[in-house]
Amino acid sequence: MKLVDIIKAVQSLNTTDQQRLLDFFTTNLKPFLTSEPIFNDILERKNADGYTCPHCSSKEVVRFGKYMVKVNSKDVERQRYRCKKTKGMGA
Ligand SMILES: [Zn+2]
């Protein structure tokens, strides 16, 4: 069975069965669904220990606002950093 066929099958289900399927996914695929916040947490901890510029390895990196990215068609907030040594660099 191809994914397209599975999607078609899901779309043909009634609302009650679709709700049951959603419950199944949220219960059984939790590690996948929560992967993004964990990833953000790791980034924040990395910063707490002293974030290093990927370009010049400088430790003089400051927080520089936030930006939104699309992850799995959801808006996710990301921290933007700016290196003090590499001036004029966008993000
Ligand atoms: Zn730098």
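Sequential numbering from 1 along the given sequence is applied to the chain's residues. Both counts, for ligands and for their atoms, begin at 1 and track the order of listing.
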Among all residues two or more places apart in sequence or in another chain, which pass the salt bridge (charged side-chain N to carboxylate O under 4.0 Å, His left out) test with D75?
-> K70
Tally, protein N/O/S atoms nearer to the Zn ion (ligand 1) than 2.8 Å | 4
Applying salt bridge (charged side-chain N to carboxylate O under 4.0 Å, His left out) to K2 and not counting sequence neighbours gives none
Kindly determine whether K84 and V62 satisfy side chain to side chain contact (heavy atoms under 4.5 Å, CB included), including the steps that lead there.
-> CA-CA 7 Å; K84 281 186 182 176; V62 290; 3.4 Å; yes
Is there a donor-acceptor pair under 3.5 Å between the side chain of N14 and the backbone N or O of T16?
-> yes
Does any pair with a residue in residues 18-28 pass salt bridge (Lys or Arg N to Asp or Glu O under 4.0 Å), and if so which ones, sequence neighbours excluded?
-> D17-R20
Can you tell me if E77 uses its side chain to pair, donor with acceptor, with the backbone of Y67 under 3.5 Å?
-> no
